[in-house]
Amino acid sequence: MKKILVNGGKPLYGNINVSGMKNAALPIIFACILTNDACTLENVPCVSDVELSLRILEEMGAKITRRSKTTVDIDTSRFEGGFSPYELVSRLRGSTYLLGAELGRFGEARVGFSGGCDFGTRPIDQHVKGFEALGATVTIENGCNVVKAGATGLHGASVYLDIASVGATINVMLAAVTAKGRTTIDNAAREPHIVDLANFLNICGAKISGAGTSFIKITGVEKLHGCNYTIIPDMIEAGTYMVAAAAAGGRVNVRNVIPKHMETVTAKLIEMGATVDEYDDYITVSRAGRLRHANIKTYFYPGFPTDMHPQFSALLSFAAGTSTVTEGVFENRFKYVDELTKMNANITCDGRTATIVGVPRLTGAPVKAVDLRAGAALVIAGLAAEGTTEITKVESIERGYDDIVGKLAGLGADIRMVEVPDEEGLRDAK
Ligand code: EPZ
């Protein structure tokens, strides 16, 4: 079993390189199913959710060739739809995209219920609404979502999403690119990874416009061809390291970023008293003196990203004054609070709002990464805390961060990953 050990109090200095975006790579990997030509993807992050997605495709007949740490060829000419490895699919949310991709290519899909971080119920009713609008039927059989196009295949439709859902927007796009006629998605998600997916699909021959706005137009095409594509940088990984620099102090250049994607994080850090300077493809963060309290309300892009919520709660835990964080996207994203409390944080939750009374210092403690971004928040807290923080369930963090320990150690953090005998690790993880 692995643990991350952090000895806090060391300022961070130097350059940190951001990897490709996990939440852009996942839909693009599954989108490769839509063409039976080979695709080459570059700047793919080395994270376990990506590895799992590639394994799912491989078990379903795709040929996966890793050309380097971050470049992979995906050939789905022999991909067989219709069944998906239940256990693997149940371990990540991104496997939901099999529904749209297989429906788009084969006219049907049978996929077990996906997994992912536990923020309460994570329904797919908006995905289903989109599939049915395109002429498919959706049923549940033996624990699987079964989607089937009608006898004449999928047809274009006007889809209005009741929620600007990232997953639903992606799945409707995947199904609609080869549907007969024109599809519109109103109240679509506007996240940068929606734009990245649309760019990838258009290079493969799709006809999509309006991605990045709340109104996306798709004209169905006969078939898609393969392509070479480079994934955008991960805005959440970049934001996490910007917060880490503000937490630990020092001066850090967060490189390989698109500053526009970081606007809300930049604005909030400046409001809290950090110094943030933007350049073409990197952002410098430094902090002198104690940070100030702030209030955060997460919302769909371009609102404050929900995936930066736990990281900012860690930072606000030792800022001067009282702050609030209101979660506007998920039912319950507060499981990290118990773990920060073990580190002397003073946080109370009421419904979707956490009230954080800043304490002078956090203190190191044995804590567990209850989900991906909660784990990142504990690393950030550990960097600033007095003493040693031991983080278990590090596999949650490895789902979305490529070598977080190595990257932070490269900035001077006293952080390492250690192997512990299972019985010791299990005892701590309880
Ligand atoms: C994606 O999840 C991301 N996951 C999440 O990142 C991210 O937090 C989320 O988008 C919002 O940005 C991946 O990309 C793999 P949603 P997704 O559909 O698609 C409700 C991370 O840390 N909803 O936009 O599942 C839903 O319950 C992860 O990297 C419905 O009610 O998010 C939630 O409350 C965590 N019905 C809200 O909408 C639906 O059919 C937003 O969900 C779909 C969603």
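Counting convention: from 1, in listed order, for ligands and their atoms alike.
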Using a 4.0 Å cutoff against the non-hydrogen atoms of [X], which atoms of ligand 1 qualify?
X: F300; value: 41 (C)
X: R122; value: 2 (O), 17 (P), 25 (O), 27 (O)
X: R373; value: 21 (C), 22 (O), 29 (O)
X: R93; value: 25 (O)
X: D307; value: 5 (C), 6 (O), 7 (C), 8 (O), 21 (C), 22 (O), 28 (C), 29 (O), 35 (C)
X: I124; value: 39 (C), 40 (O)
X: F330; value: 8 (O), 9 (C), 33 (C), 34 (O)
X: N23; value: 3 (C), 4 (N), 6 (O), 13 (C), 14 (O), 15 (C), 21 (C), 29 (O)

Do we see a donor-acceptor contact under 3.5 Å between the side chains of [X] and [Y]?
X: E398; Y: S48; answer: no
X: T355; Y: T324; answer: no
X: N23; Y: H193; answer: no
X: S19; Y: K407; answer: yes
X: R105; Y: T76; answer: yes

What orientation do F330 and F119 show, parallel under 30°, tilted 30 to 60°, or perpendicular over 60°?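 Taking F119 first and then F330, their aromatic rings sit tilted (interplane angle of 30° to 60°).
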Once you measure the plane-to-plane angle for Y279 and Y282, does it fall in the parallel (<30°), tilted (30-60°) or perpendicular (>60°) bin? parallel
What do you reckon, does [X] have a nitrogen or oxygen under 3.5 Å from a nitrogen or oxygen of ligand 1?
X: L372; result: no
X: H193; result: no
X: K22; result: yes
X: G167; result: yes

Report the part of H309 (side chain from C-beta onward, or backbone N, CA, C, O) that has a heavy atom under 4.0 Å from ligand 1; answer both or neither where that applies.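 Neither part.
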Pairing of K260 and E263 as salt bridge, 4.0 angstrom limit: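 Between E263 and K260 there is a salt bridge, with a charged N closer than 4.0 Å to a carboxylate O.
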Keeping the roles fixed (side chain from Y86, backbone from G143), state whether a donor-acceptor pair exists under 3.5 Å. yes
